[in-house]
Structures are given as structure tokens and as C-alpha cells.
Enquirer: 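Got a structure for you, questions after.
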Amino acid sequence: MYRSHYSKEISPNEYNSTVTVAGWVEEIRNLGSIAFLILRDKKGTLQLTILKKKTPELFERFISLPRESVISVKGLCKENDKVRNGYEILPETCDVLSLAETPLPLGVVDKVEADFDTRLDNRIIDLRKPETQAIFKIRNTVLAAAHEYLRSQNFIEVHTPKIIASSSEGGTDMFRVRYFEKEAFLAQSPQLYKQSLMATGLDRVYEIAWYFRAEEHNTRRHLNESTAVDIEMAFINDEEDIMNILEHLVHAMWKRASECSQELEILKKVVTIPKLPFARITYDEVVKTIQQEKSPIEWGKDLSTEDERLLGEIMKTKGEDFYFITKYPLTSKPFYTMPDREKYSRGFDLECKGVEVSSGSQRIHDIALLIERLKACGLDPKDFDAYLKAFRYGMPPHGGFGFGIERFLMELLELNNIRECILFPRDRTRLSP
RNA sequence: GCCCCGGUAGUGUAGUGGCCUAUCAUGAAGCCCUGUCGAGGCUUCGACUUGGGUUCGAAUCCCAGCCGGGGCGCCA
């Protein structure tokens, strides 16, 4: 047995009894005749205290261990007020499971900061840091909350292909892959498949999966491989039904994140739960607001990054971190978006503090209109045969959204780089590790 | 796709033509020390992205390459 207790599981019940602990050697302080070894495990750290007089052989072995080696130690647990945890362990046996090479390419507890790039080059060591790990523990929690909420609303989880035959929606660049004798692409979104599923009677589906975009951007907010929560639901009245699910989903995720007190403390963040419902502001209102603040913006265009940021600040003064921008011009939304009146659409974005975290819409379910819109967007309906087939034999009114996990986490934890939110980021230049 | 910026020991830095045999911290190796928790003290180790050029002299200036960071557009 390598471990009987994790560091944080040891309580006064274990005092004066023998425990076995295991983990990484974080630090050794050798004072000559007494040495202190800080051992780190999943839950935290603990102190081993080794006396040269009592256990001379063990003492020599311990003080020569390179930092970050993995050991398992059996010893007596003693109460001690001088130690942070309130106890220390006096080792009796030590099993060295893996020796770490020196020097470390990245210190786990060094007193100098490392560049983010260095951290990513040595991500497995970076992930040993509690503050890095905390992000992924919270990520796990918010994803669990998403599954839970969507299932409670009778959504079923589906998985659609990630190797696909043609462009999902035009627009963004896709990665090409060789598929035997054919050319294929990595999916940029599950859009066409999740819509197709609305013709099956499943009515409410969701997918949490990876998407690939070959955009050559290099910013703090973009990844070439990212994770999203996508939903699609049928028999909706209008896009308001979709927005209602989205805001409750975000609320559930945010709320659950706020309960990760240990991780938030490590990250020194406070998460305040947003109130429901989120504000709704139409695209026209946004244009008007921004024009009052600065130079006019062209109607029909999507908002620029700077406009979004400005709007974020304005909404903040009204106490709104989250808000929907609704009734986008049809020209700024993809072909499958349901038109509304002359030039508008039933498309919306969810913004968080000036950053787009989700976009969705009611979709077109009438095939004639869909083909018309494809053509209007400069796309060839022939390329969408498989997709269009789903609309020929009975397709109910429907809609959905896509919601970026990393963007969400980045805003939730106020991190300044989206790469912090994904274990092994893929960006314009990084393909390894 | 367009634009801006950067590259010095394992890590993070100082350095703006000679005072660089390159600073400091962190780290590593070793020695001293019985209560450390950013332990302390001493010793040692370790670096100018590559190639060309300018110059009596280049880490420093110029050109090109390589690698990286950021902004915009687009998007999540």
C-alpha cells in the first residue's frame, strides 16, 4: 500500500498512529541534525520530520532526494503546534518510487515566476502547482454542473462526428485531413449534425466536445482546438426559449463554481453569482449606445472587439456582467439563422463582461427558405445535401446555441489568457506538448 | 491574412558601443547548523537565438533567418 491517507485527510484521530503517505518531494530543509521534508499530494502538503540521531540511514536518504521525486513513506503521525497542518510525520520507512532529474525545467515552488511559454513547455510540472490545478478542478465542476442542468431539462447527450466531409457553415477556416482517398475536415462545430437531430424526435440534445478552427489568430482569447457546450431543441416558440435555457445553464455553472471555496481561495478569486434573468439588449440599442460614446459604427456589421469591450463597461455600470444582444442583422449571422422582419434575425449573442461567450438562434426549418439563404450567403446548396435531407421529411421549428467552455472559464476566473483554461493548448504555433 | 513587440545560465532578470573576465535573484552541487515553514551562513556551477554585416572594438547598431509574445480582422 502506497498511501493510507491524503495530507488533508489526516485529523486528530490519526495522531499517535502509523500512517502511510505518498506524493512528490516539494522541498527539503536540512538543518544539520534535523530535516524537514514537505510532501505534496492531490489534496495539499504535509511535513515529514527526520531526526539524524534516531534514523541516521533514513536521514541520509531523505536529504539527498532530488525535489519532485515520488516517494511513499510510512511513519508515526504526531501532533505538533509548530507545524502548519498541526501534525508532522516521523518516518520509519521510505519507498522511493521515482527519482526526479535535476535541475527541474520549471520549479513548482521556486521564488521566481516563469514565463507562460515556459510553463506550457513543461505543462505536467506546471500542473503540479495548486493554482494551475485549481483551474482544472473548477473546470471539472462547472462541466458537471452543465451535464446535470441539461439532463434535468430532459436534454440527452449526443456525440456527432468530428471528421466531416464539408464545411459546417462557411466562414471560418478548417483543418483539412486526409481520409483515405478523400479529403475531409475537422469539425469547427456540431452545428449541422445537431440540427439534423431535430428531425428525429429526440427534441432536446446537447454535446460537450472539441472543435477545431484553423484561424491564424494569435490572441489571448483564441484557441485552435477548444471545447464547447452545444445544445439544440425543437418545438420552440422563438429564440427566447433558447436564451432561457442558456441563462439558466450559465447560472447553474457559475453557482457551482462559487461553491469551489478551496480552489477559489488558492486562485484568490471571488465569484459572485449573477442574477436571473440576464439583461436583453437589442443590436439596434447597442449601436445607438456605442454611437453616443464614440464614432458611428456601420449598421449590419458584427461588433468589433473594442465595441464589445466598451459595451461591457457600460453594462457594468448598470450592474450587468451578463447580457444578451438580440435581434442581430441577418447579414452578420450564418445562413441557418431564422430571419426576422426585413433585415433582422432571431440570432443572439451572450456576452460576459464585454466578451462573447455564446451565440445562438432560432434556426430556419423551412427547406425552401434555407436554400434561399444558403445561396444568399454565397454557398452552394449541393455541398449541403446531407444536411438538407434532414429538412425534407419533417423538421420542426428549432434552435440552439454553442457555448465556449474556455471563454467562460477565462471570464469566470478573470484569467488573462485563454490557454490557462485548457490542459494542453493548441494555438497558432503550439502543437506540443 | 494584416500590424506591433521580444529572444542573456535550468528559471526570472540587469545591461542602450569599450567600465562585461556579463548583474542580481532563484536553482543545482557541496560544507556548517536540532524546530524549519520565503530557514540561515559559506563555497562552487551555470547564459548573450542563428548567420551575415558595420566598427579598432558588438549582448548592445544594421540586415536576414529561426523561435516566441501581443493586437486587429474573424470567432467561442
Side-chain angles (χ1 to χ4, degrees), chain A residues 26-38 45-54 59 63-64 66-68 78 80-85 88 90 100-122 125-126 168-174 188-191 209-230 246 301-309 332-334 349-352 355-360 401-411 416-419 421-422 427-430:
Chain A
E26 185 165 286
E27 204 180 347
I28 300 163
R29 286 189 284 273
N30 175 13
L31 276 67
S33 298
I34 187 169
F36 305 100
L37 187 150
I38 307 301
T45 58
L46 56 81
Q47 177 174 298
L48 306 176
T49 303
I50 312 109
L51 287 157
K52 196 175 190 173
K53 247 189 221 168
K54 274 195 175 171
F59 189 87
I63 61 164
S64 63
R67 296 197 304 171
E68 297 303 318
K78 292 291 273 184
N80 192 331
D81 292 343
K82 291 180 200 159
V83 186
R84 288 219 171 112
N85 292 12
E88 62 188 352
L90 307 171
E101 287 180 27
T102 58
L104 296 166
L106 176 71
V108 178
V109 289
D110 283 4
K111 291 149 194 113
V112 288
E113 288 280 302
D115 284 346
F116 192 33
D117 200 44
T118 307
R119 289 175 46 209
L120 289 178
D121 281 342
N122 301 285
I125 298 178
D126 184 50
S168 312
E169 24 192 308
T172 193
D173 286 328
M174 301 177 76
Q188 64 166 121
S189 91
Q191 184 63 35
W210 305 266
Y211 301 103
F212 308 91
R213 298 185 180 186
E215 295 289 340
E216 296 201 31
H217 35 45
N218 186 8
T219 81
R220 300 174 311 165
R221 306 182 312 284
H222 291 91
L223 291 166
N224 292 289
E225 180 181 33
S226 69
T227 324
V229 180
D230 266 273
L246 178 54
K301 288 266 184 187
D302 208 352
L303 301 177
S304 72
T305 306
E306 199 198 329
D307 292 338
E308 273 189 290
R309 202 176 300 132
S332 69
K333 286 288 166 189
D349 284 354
L350 176 64
E351 301 267 325
C352 173
V355 175
E356 181 183 338
V357 292
S358 175
S359 67
F401 60 76
F403 176 63
I405 299 294
E406 288 84 14
R407 280 271 174 95
F408 171 80
L409 270 174
M410 186 183 172
E411 293 309 317
N416 63 14
N417 196 316
I418 196 164
R419 295 169 181 86
C421 304
I422 191 158
D427 61 32
R428 179 67 187 84
T429 51
R430 183 174 290 280

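By convention in this document, chain letters (A, B, ...) are assigned in the order of the sequence lines, proteins followed by strands, and residues within each chain are numbered from 1. These figures come from a predicted structure and were not determined experimentally.
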Enquirer: Which part of the nucleic acid does A/N416 contact within heavy-atom distance under 4.0 Å: base, sugar-phosphate only, or nothing?
Expert: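 No contact at all - A/N416 keeps every heavy atom at 4.0 Å or more from the nucleic acid.
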
Enquirer: Is any side-chain heavy atom of A/R67 closer than 4.5 Å to one of A/D110?
Expert: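 Yes - at least one pair of side-chain heavy atoms lies under 4.5 Å apart.
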
Enquirer: Report the distance from atom CG of A/N122 to atom C1' of B/G12, rounded to the nearest whole Å.
Expert: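 Nearest whole value for this atom pair: 14 Å.
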
Enquirer: Once you round it to whole Å, what is the distance between C1' of B/U34 and NZ of A/K52?
Expert: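 After rounding, the reported distance stands at 11 Å.
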
Enquirer: Where each residue is assigned the nucleotide of RNA chain B containing its nearest heavy atom, which of A/L120 and A/L51 is assigned the position nearer the 5′ end?
Expert: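 Result of the comparison: A/L51.
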
Enquirer: Are A/R213 and B/C75 close enough that a side-chain N or O sits under 4.0 Å from OP1 or OP2?
Expert: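 Answer is no, no contact under 4.0 Å.
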
Enquirer: Please report, rounded to the nearest Å, how far the P atom of B/U34 is from the CZ atom of A/R29.
Expert: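 From A/R29 CZ to B/U34 P: 17 Å.
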
Enquirer: So A/Q47, base contact, sugar-phosphate only, or nothing? Heavy-atom distance under 4.0 Å.
Expert: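 Counting heavy atoms under 4.0 Å across all strands, the contact made by A/Q47 includes a base.
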
Enquirer: Under a 3.5 Å limit for both distances, which nucleotide forms a Watson-Crick or G-U wobble pair with B/A64, could you say?
Expert: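 Matched B/A64 with B/U50 under the 3.5 Å cut-off.
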
Enquirer: Spell out, as yes or no, whether a donor-acceptor pair under 3.5 Å connects the side chain of A/E216 to the backbone of A/R428.
Expert: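 Between the backbone of A/R428 and the side chain of A/E216 there is no qualifying donor-acceptor contact (under 3.5 Å).
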
Enquirer: Using the C1' atom as the point on both nucleotides, what is the distance between B/C42 and B/C33, in whole Å?
Expert: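 Comparing C1' positions in B/C33 and B/C42 gives a spacing of 12 Å.
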
Enquirer: Taking only the side-chain nitrogens and oxygens of A/N224, find out if one of them lies under 4.0 Å from OP1 or OP2 of B/C75.
Expert: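 Negative; the distance criterion is not met.
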
Enquirer: Rounding to an integer number of Å, can you tell me how far A/F36 CZ sits from B/G38 P?
Expert: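 Those two atoms, CZ and P, are 13 Å apart.
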
Enquirer: Any side-chain N or O of A/K111 below 4.0 angstrom from OP1/OP2 of B/A39?
Expert: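 Affirmative; the distance criterion is met.
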
Enquirer: For the residue pair A/E68 and A/L104, establish whether any side-chain heavy-atom pair is separated by less than 4.5 Å.
Expert: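 Contact flag for A/E68/A/L104 side chains = yes.
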
Enquirer: What's the gap between B/G27 and B/G38 when it is taken at their P atoms, as a whole Å value?
Expert: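 Pairwise P distance, B/G27 against B/G38, rounds to 13 Å.
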
Enquirer: Applying a 3.5 Å limit to both distances, which nucleotide forms a Watson-Crick or G-U wobble pair with B/A9?
Expert: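 Partner of B/A9: none.
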
Enquirer: Between B/C72, B/G68, B/A39, which nucleotide has the shortest distance from any of its atoms to the side chain of A/D117?
Expert: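 Of the candidates, B/G68 comes closest.
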
Enquirer: Does any nucleotide pair with B/G27 by Watson-Crick or G-U wobble geometry, both distances under 3.5 Å, and what is it?
Expert: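 Check on B/G27: paired to B/C45, both distances under 3.5 Å.
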
Enquirer: Which listed nucleotide (B/G73, B/G69, B/U36) is nearest to the side chain of A/E215?
Expert: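 Within the option list, the nearest is B/G73.
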
Enquirer: Out of B/C72, B/A76, B/G10, which nucleotide sits closest to the side chain of A/R407?
Expert: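 It is B/A76.
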
Enquirer: Considering only heavy atoms and no angle criterion, is a donor-acceptor pair shorter than 3.5 Å present between the side chain of A/R221 and the base of B/A76?
Expert: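 It does not, because no donor-acceptor pair links the side chain of A/R221 to the base of B/A76 below 3.5 Å.
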
Enquirer: Hey, does A/R428 reach any base, or is it just sugar-phosphate, or nothing, if we go heavy atoms under 4.0 Å?
Expert: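 If one applies the 4.0 Å heavy-atom cut-off, A/R428 turns out to touch nothing in the nucleic acid.
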
Enquirer: If we only count heavy atoms from C-beta on, is the A/L246 to A/S358 side-chain gap below 4.5 Å?
Expert: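 With C-beta onward as the side chain, the pair touches.
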
Enquirer: So does A/T429 get a side-chain nitrogen or oxygen closer than 4.0 Å to the phosphate oxygens (OP1/OP2) of B/G69?
Expert: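 Indeed, a polar side-chain atom of A/T429 lies that close.
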
Enquirer: Would you indicate, yes or no, if B/A76 has its OP1 or OP2 atom less than 4.0 angstrom from a side-chain nitrogen or oxygen of A/S359?
Expert: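 True: A/S359 side-chain N/O within range (under 4.0 Å) of B/A76 OP1/OP2.
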
Enquirer: Taking donor-acceptor contacts at under 3.5 Å, does the side chain of A/E113 reach the base of B/U11?
Expert: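 Absent.
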
Enquirer: Spell out yes or no: do the side chain of A/H217 and the base of B/C72 have one donor N/O and one acceptor N/O closer than 3.5 Å?
Expert: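 By the distance-only test, no, there is no pair.
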
Enquirer: How many whole angstroms separate atom CD1 of A/I418 from atom P of B/C75?
Expert: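 In whole Å, B/C75 P and A/I418 CD1 are 16 Å from each other.
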
Enquirer: Among the nucleotides B/G73, B/A29, B/U36, which one has an atom lying closest to any side-chain atom of A/L31?
Expert: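 Minimum distance to the A/L31 side chain belongs to B/U36.
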
Enquirer: For A/R220 and B/C75, is the shortest distance between a side-chain N/O and OP1 or OP2 below 4.0 Å?
Expert: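 No.
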
Enquirer: Which part of the nucleic acid, if any, lies within contact of A/E88, taking any heavy atom under 4.0 Å across all strands shown: a base, the sugar-phosphate backbone alone, or nothing?
Expert: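 Base, at least one base heavy atom under 4.0 Å.
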
Enquirer: Looking at every strand, decide which applies to A/E308 at a 4.0 Å heavy-atom threshold: base, sugar-phosphate, or nothing.
Expert: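 The answer is base, as A/E308 lies within the cut-off (heavy atoms under 4.0 Å) of a base atom.
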
Enquirer: Identify whether any heavy atom of A/N80 sits under 4.0 Å from a base atom; if not, whether one sits that close to sugar-phosphate; answer base, sugar-phosphate or nothing.
Expert: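 Contact class for A/N80: base.
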
Enquirer: Does A/A209 offer a backbone N or O that forms a donor-acceptor pair with the side chain of A/T227 under 3.5 Å?
Expert: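 No: the side chain of A/T227 does not pair with the backbone of A/A209.
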
Enquirer: Contact class for A/K53 vs. all strands (heavy atom < 4.0 Å): base, sugar-phosphate, or nothing?
Expert: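 Base contact.
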
Enquirer: Using whole Å, report how far CZ of A/F401 lies from P of B/C75.
Expert: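 Result: 19 Å.
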
Enquirer: Measuring from the side chain of A/D427 (C-beta onward, heavy atoms only), which nucleotide among B/G10, B/G69, B/C75 has the closest atom?
Expert: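 It is B/G69.
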
Enquirer: What's A/A228 touching, base or sugar-phosphate or nothing? Going by heavy atoms closer than 4.0 Å.
Expert: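 No contact.
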
Enquirer: Please tell me if A/R67 has a side-chain N or O lying less than 4.0 Å from either OP1 or OP2 of B/G10.
Expert: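 Indeed not, no polar side-chain atom of A/R67 lies that close.
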
Enquirer: Pick the C1' atom in B/U49 and in B/U60, then give their distance to the nearest Å.
Expert: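 Their C1' atoms lie roughly 15 Å apart.
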
Enquirer: Side-chain N or O of A/T118 less than 4.0 angstrom from OP1 or OP2 on B/G12?
Expert: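 Checking A/T118 against B/G12: at least one side-chain N or O falls below 4.0 Å of OP1 or OP2.
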
Enquirer: Paired with B/C33: which nucleotide, if any, by Watson-Crick or G-U wobble criteria at under 3.5 Å for both distances?
Expert: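 Pairing partner: none.
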
Enquirer: Which nucleotide in the set B/A76, B/U26, B/U34 lies at the smallest distance from any side-chain heavy atom of A/H222?
Expert: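 Nearest to the side chain of A/H222 among the choices is B/A76.
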
Enquirer: Using salt bridge (Lys or Arg N to Asp or Glu O under 4.0 Å) as the criterion, point out the one residue from A/D427, A/D126, A/D117 that pairs with A/R419.
Expert: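 The option that passes is A/D427.
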
Enquirer: Any heavy-atom pair between the side chains of A/S359 and A/K333 that's under 4.5 Å?
Expert: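 Touching, per the 4.5 Å side-chain cut-off.
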
Enquirer: When you compare the side chains of A/D115 and A/T118, does any donor N or O come within less than 3.5 Å of an acceptor on the partner?
Expert: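 Judged by distance alone, the side chains do not pair up.
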
Enquirer: Using OP1 and OP2 only, check whether a side-chain N or O of A/T49 sits under 4.0 Å from B/U36.
Expert: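 No, no such contact exists.
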
Enquirer: Could you measure between the two P atoms, the one in B/C20 and the one in B/A29, and give it in whole Å?
Expert: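 Roughly 31 Å separates the two P atoms.
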
Enquirer: Could you check which nucleotide pairs with B/A58 in any of the strands shown, counting Watson-Crick or G-U wobble with both distances under 3.5 Å?
Expert: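 Per the H-bond distance test, none.
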
Enquirer: Scan every strand shown for a Watson-Crick or G-U wobble partner of B/C20, both distances under 3.5 Å, and answer none if you come up empty.
Expert: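 By the stated definition (distances under 3.5 Å), nothing pairs with B/C20.
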
Enquirer: Tell me which nucleotide among B/U36, B/G12, B/A76 gets nearest to the side chain of A/D115.
Expert: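 Between B/U36, B/G12, B/A76, the one nearest the side chain of A/D115 would be B/G12.
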
Enquirer: Quick one: does A/F403's side chain get under 4.5 Å of A/V357's, heavy atoms only?
Expert: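 Heavy-atom side-chain distance check passes, below 4.5 Å.
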
Enquirer: Considering only the C1' atoms, how many Å lie between B/G46 and B/U21, rounded to the nearest integer?
Expert: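 These two C1' atoms come out 15 Å apart once rounded.
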
Enquirer: Give none if B/C72 has no partner; otherwise give the nucleotide forming a Watson-Crick or G-U wobble pair with it, both distances under 3.5 Å.
Expert: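 Across any shown strand, B/C72 pairs with B/G1.
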
Enquirer: Using heavy atoms to find the nearest nucleotide of RNA chain B for A/V112 and A/S64 separately, return the residue whose nucleotide is more 5′.
Expert: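 Whichever sits nearer the 5' end wins; that is A/V112.
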
Enquirer: Side chain of A/I34: nearest nucleotide among B/G35, B/G68, B/C37?
Expert: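 Taking heavy atoms from C-beta onward, the closest nucleotide is B/G35.
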
Enquirer: For the P atoms, the ones on B/G52 and on B/A59, what distance do you get once it is rounded to whole angstrom?
Expert: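 So the two P atoms sit 14 Å from each other.
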
Enquirer: Heavy atoms under 4.0 Å, any strand shown: does A/V83 hit a base, just sugar-phosphate, or nothing?
Expert: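 Base contact.
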
Enquirer: Looking at every strand, decide which applies to A/L223 at a 4.0 Å heavy-atom threshold: base, sugar-phosphate, or nothing.
Expert: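 The answer is base, as A/L223 lies within the cut-off (heavy atoms under 4.0 Å) of a base atom.
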
Enquirer: Looking only at atom C1', what distance separates B/G71 and B/U16, rounded to whole Å?
Expert: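 It comes out at 27 Å once rounded to the nearest Å.
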
Enquirer: Could you state the atom-to-atom distance from CG of A/L48 to P of B/G35 in whole Å?
Expert: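 In whole Å, B/G35 P lies 18 Å from A/L48 CG.
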
Enquirer: So A/E308 and A/V355, do their side chains get closer than 4.5 Å, heavy atoms only?
Expert: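 A side-chain contact under 4.5 Å is absent here.
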
Enquirer: Within this structure, what is the CD1-to-P distance between A/I38 and B/A39, rounded to whole angstrom?
Expert: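 Rounded to whole Å, this separation is 9 Å.
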
